[in-house]
Participant: 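This is the structure I want to talk about, given as structure tokens.
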Amino acid sequence: METVQFFNLVPWVVFLPLIGLTVNLLVGRKLGEIFAGSFASLATGLAFVVSILLAVSLSSHPEAVTIPLGDWITIGTLTVRWAFRVDTLSVVMMLVVSGVGTLIHIYSIGYMHNDVRHNGDTGRYARFFIFLNLFIAAMMILVSADNFLMMFVGWEGVGLCSYLLIGFWFEKGKNGTGNAEAAKKAFITNRIGDFGLLIAMFLIFVNFGTFQFDEVFKQAGQVAAVKPGVMLLITLFMLLGVTGKSAQLPLYVWLPDAMAGPTPVSALIHAATMVTAGVYLVARSSIFYALVPTAQTVVMWVGAATALFAATIALGQYDIKKVLAYSTISQLGFMVAAVGMGATVAGMFHLVTHAFFKGLLFLAAGSVIQGVERGMHHANHASHDFDPQDMRQMGGLRKQTPLTFRVYLIGALALSGIAPLAGFFSKDEILVSAWQTQPAIFIVLVLAAFLTAFYMGRQLTMVFFGEPRTEAAEKASESPLVVTLPLMILALLSVLGGVLNLPGVHTLETWLSHTLGEGEPGHFVWVVAGISLVLALIGLGLAWMIYSRKTDKAYVDPLKRALGSLFTGMENKWWVDELYAAIILNPYRAFAQFMADPVDLGVIDRIGGGLAAGTRALAESIRKLQNGYIRSYALLMLLGLAAIMTYLFLR
């Protein structure tokens, strides 16, 4: 009996979120918060159902299927269809985006109910879900595209949505512009990466004559043999795009500032959507990178360096969300290093499990923040100096928010790589690949893994253990079920997610082999697993020893005394933003000021002003001829006639 196929449903993974945002745009505000949040969640949830049906279809028909919607661009020899690609790689991404995205939508129903009131504008509730649905739709276009140009539409779409959501409270933040500045920073930084991807796409079209994935990858070996330099340029310019979207060195600086958006935005960007786009791009283009070893080397070192560098910064942060933000940058470094080494399945495995436990951690952090905000209101000290995200003003919250504490603990242990949670298995596969092929990369990643466990132990201790360091923390309260239910589901996924690719079973590896090709199955190496697990336990234990003794309310980080200027560097994010300001922003602003004042105002405006003044003077002179006296007009006519007669006589 032939299995029913659902491949023709694939356009609905985009259409359903678009319907959700359209309905909310038209009537969401009128019909109230419950309708707006529920309808947006339903739209994303139905997209998840469609993704499941596509996965079911692939299980019996694993070959890639293309579903064309229609011709999009036809110019000369260029023909681009708007077509959806259903294969095992794209469906994995659809499941992650729509599945985790749905949980974030449900969480947002409760979170934004409080957030819009805390920020004093309930009218923006429906707008938030419009942007959230648009984000899901753009990401679905990106991962379901059958060609590079359609993928780029989704690529740019998630960039736009990140701008809209990071700056959702655009009038808030430092000096009333902080959030708007953070949104602008994300937008501009990503434009630099997008420039790289555009150049790569232009080179692809010039040398391959098409943007369609199958046709491009079919010619890749021949082009690499004839034009190795071109292939190197394509892969390196793609990497520039990856460093923008997936926040790698040197373009990672936008992601920590993305915390300006509401917490569900942080979870959506960091766990399920935008930052995974770069990893997906390298995985989709793995044929290119396999043909260019130099590019592979650059990719894996960029990823490894980012993993370690961001982990050091996370050690010195006090904002609960910024610790997680730098953790995301670090974990993305693990994924990029993996796909750079050719361990594409390991990188995708970590992408999936990371979506579970990092989504959990960000949403749980939002529960913590709102719990502290409720405590702040009960304590009646809504001071401008009080920051509900500052871990130094928390402490002891395991008693006030017991459910949030339990799920946060699960997420933190999964991120730290503690067995048998999901993060242990996915991170172990990356470390095994490095152990077997790249010893230097292995050392860097192991150090990053140790620091990960340490800063998560530091965060757990500062937030949940000891005694409350402020009255707001002492009077904090647990979040409602609509907020905590998605946390419990993500916690369960963080516990069980490792079964997706258990050693000896390799379910995900077998699944992705239909798209990425057969590779050598990953092995479970006891030595590597033991090293990573022992280091993770040491990191957590060391953090507990250092921070559990810190109970005084005038909080000074114990590492600050011990490490001195080294900790100051981590605390100040190694002054990278200041460096960029010194060598890029300030000279640019100075040049812009010069062009505005001496050039624009001093030269261009004066030329324009001079022309205007001359025209005005000429008009003033001519105006005198229009005096209203008939005799004057008669005299002028007579003089004119005399001049004409004289001219004719002289000819």
Side-chain angles (χ1 to χ4, degrees), residues 96-97 100-101 104 135 139 158 162 165-166 182 185-186 189-190 193 242-280 302-317 319-339 347-348 350-366 389 408 411-412 414-417 422-423 426-427 430 445 448-449 451-456 458-459 490 494 573 576:
V96 171
V97 171
V100 177
I104 293 171
F135 211 141
M139 192 67 190
V158 294
S162 69
L165 286 166
I166 293 168
K185 184 177 182 180
T189 306
N190 272 276
V242 172
T243 60
K245 275 291 181 290
S246 290
Q248 300 293 284
L249 288 168
L251 299 181
Y252 73 92
V253 291
W254 68 271
L255 195 58
D257 288 6
M259 299 303 96
T263 297
V265 175
S266 305
L268 196 62
I269 291 176
H270 288 246
T273 55
M274 184 167 169
V275 296
T276 62
V279 180
Y280 169 76
V302 166
T306 303
L308 182 58
F309 183 76
T312 63
I313 298 177
L315 282 176
Q317 302 308 301
D319 186 306
I320 187 173
K321 286 169 62 177
K322 283 204 172 178
V323 173
L324 299 178
Y326 282 104
S327 171
T328 297
I329 297 169
S330 181
Q331 297 307 304
L332 288 166
F334 275 86
M335 300 173 211
V336 171
V339 294
M348 289 300 300
H350 198 52
L351 182 153
V352 174
T353 61
H354 180 263
F356 298 155
F357 56 72
K358 189 53 66 68
L360 167 62
L361 286 169
F362 267 112
L363 296 184
Q389 297 183 194
Y408 207 104
L415 173 58
S416 301
S426 59
K427 193 178 292 185
I430 297 173
L445 293 181
L451 293 179
T452 300
F454 183 84
Y455 66 66
M456 288 312 298
R458 171 182 180 262
Q459 187 178 64
L490 286 169
S494 299
K573 301 165 283 188
V576 172

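Atom set for the values below is all heavy atoms of this structure, side chains included, hydrogens, waters and symmetry mates excluded.
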Participant: Closest approach of Ala304 and Ala337, non-hydrogen atoms and distance?
Facilitator: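 Shortest heavy-atom separation between Ala304 and Ala337 comes out as N-CB, 3.9 Å.
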Participant: Between atom CG of Leu415 and atom OG1 of Thr353, what is the distance when rounded to the nearest 0.5 Å?
Facilitator: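 Rounded to the nearest 0.5 Å, the CG-OG1 separation comes to 9.5 Å.
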Participant: Do Gln317 and Tyr455 have a side chain donor and acceptor closer than 3.5 Å?
Facilitator: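 Judged by distance alone, the side chains do not pair up.
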Participant: Under 3.5 Å, is there a donor-acceptor pair between the side chain of Ser327 and the main chain of Val323?
Facilitator: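 Checking the backbone N and O of Val323 against the side chain of Ser327, no donor-acceptor pair under 3.5 Å is found.
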Participant: Hey, is the main chain of Leu251 close enough, under 3.5 Å, to the side chain of Thr189 for a donor-acceptor pair?
Facilitator: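 Answer holds: no.
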Participant: Between Ser246 and Val275, is there a donor-acceptor pair closer than 3.5 Å when you use the side chain of the first and the backbone of the second?
Facilitator: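 Yes.
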Participant: Could you give the distance from CZ (Phe357) to CE (Met456), rounded to the nearest 0.5 Å?
Facilitator: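 Taking CZ in Phe357 and CE in Met456, the distance rounds to 10.0 Å.
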Participant: Find out whether Phe362 and Met259 are in side-chain contact, i.e. whether some heavy atom of one side chain is under 4.5 Å from a heavy atom of the other.
Facilitator: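 When only atoms from C-beta onward are counted, Met259 and Phe362 do touch, with a gap below 4.5 Å.
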Participant: Check whether any side-chain heavy atom of Val576 sits under 4.5 Å from a side-chain heavy atom of Tyr252, and report yes or no.
Facilitator: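 Yes, close enough: below the 4.5 Å cut-off.
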Participant: Quick one: closest heavy-atom pair of Lys427 and Ala449, and the distance?
Facilitator: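 Answer, listing the atom of Lys427 first, then Ala449: CD-CB, 4.2 Å.
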Participant: Look up atom CG in Leu324 and atom CD1 in Ile329, then write down how far apart they are to the nearest 0.5 Å.
Facilitator: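 Rounded to the nearest 0.5 Å, the CG-CD1 separation comes to 11.5 Å.
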Participant: Minimum heavy-atom separation for Met274 and Trp254, please, with both atom names.
Facilitator: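 So the two residues come closest at CE-CH2, 3.8 Å.
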Participant: Taking all atoms of both residues into account, what is the closest heavy-atom pair of Gly278 and Lys245, and its distance?
Facilitator: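 What the structure gives for the nearest pair is N-CB, 4.3 Å.
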Participant: Start with the C-alpha distance between Thr306 and Val336, add both sets of side-chain angles, then the distance that settles side chain to side chain contact (heavy atoms under 4.5 Å, CB included), and finish with yes or no.
Facilitator: CA-CA 9 Å; Thr306 303; Val336 171; over 6 Å; no
Participant: Between the main-chain N or O of Ala260 and the side-chain N or O of Lys321, is there a donor-acceptor pair closer than 3.5 Å?
Facilitator: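 Checking the backbone N and O of Ala260 against the side chain of Lys321, no donor-acceptor pair under 3.5 Å is found.
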Participant: Between OG of Ser162 and CG of Leu255, what distance do you get to the nearest 0.5 Å?
Facilitator: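 Reported to 0.5 Å precision, the distance equals 10.0 Å.
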Participant: Look up atom CE in Met348 and atom OG in Ser426, then write down how far apart they are to the nearest 0.5 Å.
Facilitator: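 OG of Ser426 is found 12.0 Å from CE of Met348.
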Participant: I'd like to know if the side chain of Ser330 reaches the main chain of Tyr326, judged simply by a donor and an acceptor atom lying under 3.5 Å from each other, with no hydrogens or angles considered.
Facilitator: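 Not at all, since once roles are kept as given, no pair shorter than 3.5 Å links the two residues.
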Participant: Between Ser266 and Ala258, which heavy-atom pair has the shortest distance, and what is it?
Facilitator: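 Minimum heavy-atom separation between Ser266 and Ala258: OG-O, 4.3 Å.
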Participant: Determine, step by step, whether Ile269 and Ile166 satisfy the side chain to side chain contact (heavy atoms under 4.5 Å, CB included) criterion, reporting the C-alpha distance in whole Å, the side-chain angles of both residues, the deciding distance to 0.1 Å, and the verdict.
Facilitator: CA-CA 10 Å; Ile269 291 176; Ile166 293 168; 4.0 Å; yes
Participant: Mind checking whether Tyr280 and Val96 have side chains closer than 4.5 Å, heavy atoms only?
Facilitator: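 Tyr280 vs Val96: side chains apart.
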Participant: Tell me whether the rings of His350 and His354 are parallel (<30°), tilted (30 to 60°) or perpendicular (>60°).
Facilitator: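 The arrangement is tilted - the two ring planes meet at 30° to 60°.
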Participant: To the nearest 0.5 Å, what is the distance between CZ on Phe309 and OG1 on Thr312?
Facilitator: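 With rounding to 0.5 Å, CZ (Phe309) is 6.0 Å from OG1 (Thr312).
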Participant: Check whether any side-chain heavy atom of Thr452 sits under 4.5 Å from a side-chain heavy atom of Gln331, and report yes or no.
Facilitator: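 In contact.
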Participant: Say whether, by atom type as modelled, one donor and one acceptor occur between the side chain of Thr273 and the main chain of Leu268 under 3.5 angstrom.
Facilitator: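 Between the backbone of Leu268 and the side chain of Thr273 there is a qualifying donor-acceptor contact (under 3.5 Å).
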Participant: Minimum heavy-atom separation for Ala307 to Leu445, with atom names?
Facilitator: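 Looking at all heavy atoms of both residues, the shortest contact is CB-CD2, 4.0 Å.
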Participant: Pair Met335, Thr276 - check side chain to side chain contact (heavy atoms under 4.5 Å, CB included), show working.
Facilitator: CA-CA 9 Å; Met335 300 173 211; Thr276 62; 5.6 Å; no
Participant: Kindly determine whether Phe135 and Val158 satisfy side chain to side chain contact (heavy atoms under 4.5 Å, CB included), including the steps that lead there.
Facilitator: CA-CA 6 Å; Phe135 211 141; Val158 294; 3.7 Å; yes
